[in-house]
Amino acid sequence: MSLPTEIITMRLTRGVLLFLLSLIGPASGAVAQQQPPPTRAIVRVTGELYRAQNNNHYTVFLVTSEGIIMSDPINRDFSRWLKAELASRFKVPVRYVLYTHRDWDHASGGIVFADTAQFVGHQNMLAPLAPPAGNLALTSDAMKMDANRNGLVERGEAADAVAERFALWDHNRDNVVSGAELARGSLSDVHPPTTTFTDRHTVTLGGKRVTMTHLGVAHTDDSSVLHFPDERAVFSADILQVRRLPGSLAPTVGSWIDALEIVNALDFEHALTGHALAGTKKDAADLLRYMQDISTGVAAGIGAGRSVAEVQKTLTLDAYKGFERWDTNREAHIAAVYAMLKGAPR
Ligand SMILES: [Zn+2]
């Protein structure tokens, strides 16, 4: 039996928000007050598979008779909200949190589910959760914050992203952020995976299956795609995008082609993403084709002796004109692929 698509949305009222901020305290409250209340929603994709939204971040969860398998926790506030929603709607606990990758804006907040869940991530996720060894100098951007020139960023000196989430950068909680802590990233609220894998890992619960497959080194070196074979769905954050170009093609366009070939080799209909739109298998194929088109297009331009500016002018990739960020990211992608191909040994 299939039920109609259910949508639940909740917006914090201003009164509730101000009350919550008063509990957090004036310093962080002053920053958070400038943010509008989060847009949150739960939408059924198919069967017992749902997509949950926190502003422009998304996760998915699969409900079984023995508990829930979910993906990225996104952050602590969202996870608390989601946990309450799941408890009231499904009456079964979260048994698994499956990470797509370690980035703070997807992987934070899992501690909320640690009372009932196991955490699974690629093994490359573990080591980067601690700062690199040794004393790293501040980057030039961080040096601008370091008013007293002691090589550290004190809480009072912090600006922008470091100020916004100071506690997430401050790994050893000594109220200063070092060069090594900055190099690690704002990962302090990422609950480490309790189970790791190298190539592929399957979780089974209540007669349902989810398979995680490592995607290589595109975006980060610990990214996995989640495959829900019975639901014919995949979920990937930051690599799979629907009618939207990635931020960067780091480390190489070849790594993106490899990753998207792995995704496209899976059997699915629903292409679920960590940001923006969800789509279909055709959308996953379109993004792979973008990577192939930009790669062959830039190589042809180099072969014809064109400058990067000339390639940016002629390689318009019009087939992707309707994609989000085509106007802002296409030229940077061409420049990155051009530099990579030029630098490659021949
Ligand atoms: Zn992301």
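Counting starts at 1 for both ligands and their atoms, in listed order. Note that this is a predicted model, so its numbers are computed, not measured.
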Below 2.8 Å, can you find an N, O or S atom of H57 next to the Zn ion (ligand 1)? no
On a heavy-atom basis, which atom in D103 and which in T220 lie closest, and how many Å separate them? OD1-CG2, 3.7 Å
Partner of F119 by side-chain contact (heavy atoms from CB on, under 4.5 Å), out of T194, L98, T196: T194
Under 2.8 Å from the Zn ion (ligand 1), can any N, O or S atom of D103 be found? no
Does D222 reach the main-chain N or O of H122 with its side chain, forming a donor-acceptor pair under 3.5 Å? no
Can you tell me if W169 uses its side chain to pair, donor with acceptor, with the backbone of S188 under 3.5 Å? no
Once rounded to 10 degrees, what value does the angle at the Zn ion (ligand 1) take between OD1 (D238) and NE2 (H275)? 90°
